[in-house]
Amino acid sequence: MMEGSCLCGLVAFAVKRRPTTFYRCHCSLCRKQSGVGFNLATLMDAEAFSWLQGEEAIVSWTKSTGYRNDFCSRCGSTVPNPLRGQPYVWIPVGLLDVDDEMTCVGDFCINDARRWDRVRSDNNSGDAVDSVASLVKRLNQ
């Protein structure tokens with residue numbers, strides 16, 4: 001079991017298995033959501049995820065395209081959210097409270113990256129991931 005929380009600790013969650021991989025997305029949505037050059041996240045099977053507290057404090061904002069950002073209403077930290085129509089939960093890896101070894105399985109949307117953003121893994125893609133299924137496959141290799 002591994003736990004995570006938002007900046008103020010109001011929203012907390014647990015995952016039944018420790019994630020060992022993450023991905024990095026450089027698209028404009030992820031940059032603006034995180035406030036830096038990219039977003040680091042992983043996906044977890046929904047049945048392996050649970051809220052410990054603060055679920056009622058989560059606010060969602062959804063763009064007309066369907067892009068969704070869930071965040072803590074007190075501190076504003078982006079928090080995990082379920083992928084619509086998929087059996088997965090998207091988890092920002094910076095929220096995890098344990099500093100385990102994790103490997104980046106790929107960088108996506110590098111064609112959208114800022115010139116000063118030079119962080120890359122060995123696996124780069126100029127565009128978004130092909131599908132959630134292909135991302136899950138990479139994360140589970």
- Task: Kindly determine whether N81 and V89 satisfy side chain to side chain contact (heavy atoms under 4.5 Å, CB included), including the steps that lead there.
- Result: CA-CA 6 Å; N81 67 62; V89 175; over 6 Å; no

- Message: Can you give me the closest heavy-atom contact between Q53 and G9, atom names plus distance?
- Response: NE2-O, 2.8 Å

- Item | T78 side, atom OG1; L95 side, atom CG - distance, nearest 0.5 Å | 8.0 Å

- How about F49 and Y88: do any of their side-chain heavy atoms sit closer than 4.5 Å? no

- For C75 and C8 the tightest heavy-atom approach is SG-N, 3.5 Å

- Looking at CH2 of W61 and CD of Q33, how far apart are the two atoms once the value is rounded to the nearest 0.5 Å? 9.5 Å

- Query: When you look at D97 and S5, which way does the side chain to side chain contact (heavy atoms under 4.5 Å, CB included) test go after all the steps?
  - Reply: CA-CA 7 Å; D97 294 332; S5 62; 3.6 Å; yes

- Message: Test your reading of the model: is there a side-chain donor-acceptor pair from S77 to the backbone of L7, 3.5 Å cut-off?
- Response: yes

- Would you check if the side chain of R31 reaches a backbone N or O of D112 as a donor-acceptor pair within less than 3.5 Å? yes

- Message: Show, in sequence, the C-alpha distance, side-chain angles and deciding distance for E101 and T20, and conclude whether the side chain to side chain contact (heavy atoms under 4.5 Å, CB included) test is met.
- Response: CA-CA 7 Å; E101 187 69 31; T20 58; over 6 Å; no

- Under 4.5 Å between side-chain heavy atoms, hopping through other hydrophobics if needed: is there a path connecting L29 to L40? no

- Query: Checking T42 side chain against T21 main chain: does a donor-acceptor pair fall under 3.5 Å?
  - Reply: yes

- Less than 4.5 Å apart, any side-chain heavy atom of I91 and any of V15? yes

- Message: Is there a side-chain contact between L96 and R18 in this structure, where contact means two heavy atoms from C-beta onward sitting under 4.5 Å apart?
- Response: no

- Message: A quick test of your reading: do over 12 heavy atoms of other residues, nucleotides or ligands sit less than 6.0 Å from CZ of R17?
- Response: yes

- Side chains of L52 and E3: does their closest heavy-atom pair fall under 4.5 Å? yes

- Query: Is there side-chain contact between P82 and R68, with at least one heavy-atom pair below 4.5 Å?
  - Reply: yes

- Rounded distance (nearest 0.5 Å) linking atom SG of C6 with atom CZ of R74: 7.5 Å

- Taking the side chain as every heavy atom from C-beta outward, state whether V98 and D100 have any pair of such atoms under 4.5 Å apart. yes

- Query: What is the distance from atom SG of C27 to atom CG of N111, rounded to the nearest 0.5 Å?
  - Reply: 12.0 Å

- Indicate the atoms forming the closest heavy-atom contact of T65 with R84, along with that distance. O-NH2, 3.9 Å

- Query: Any side-chain heavy-atom pair from S73 and F71 closer than 4.5 angstrom?
  - Reply: no

- Hey, what's the ring geometry for W51 with F13, parallel, tilted or perpendicular (30° and 60° as the breaks)? perpendicular

- Query: For C109 and H26, which heavy atoms make the closest approach, and how far apart are they?
  - Reply: O-CB, 3.5 Å

- Item | For M1 against A14, the heavy-atom pair lying closest together | SD-CB, 3.5 Å

- Minimum side-chain heavy-atom gap M2-M44 below 4.5 Å: no

- Task: Please report the shortest heavy-atom distance between L10 and A57, naming the atom on each side.
- Result: CD2-CB, 3.4 Å

- Item | Carboxylate-amine/guanidinium proximity below 4.0 Å for R115 and D117 | no

- Message: Assess the residue pair F38 and D107 against the criterion (side chain to side chain contact (heavy atoms under 4.5 Å, CB included)); give the C-alpha distance rounded to whole Å, side-chain angles, the decisive distance to 0.1 Å, and a yes or no.
- Response: CA-CA 9 Å; F38 46 81; D107 283 80; 6.0 Å; no

- Task: Run the numbers on S60 and D70 for side chain to side chain donor-acceptor pair (under 3.5 Å), then give the verdict.
- Result: CA-CA 4 Å; S60 293; D70 288 3; 2.6 Å; yes

- Note on the structure: d(S50 OG, E55 CD) to nearest 0.5 Å is 10.0 Å

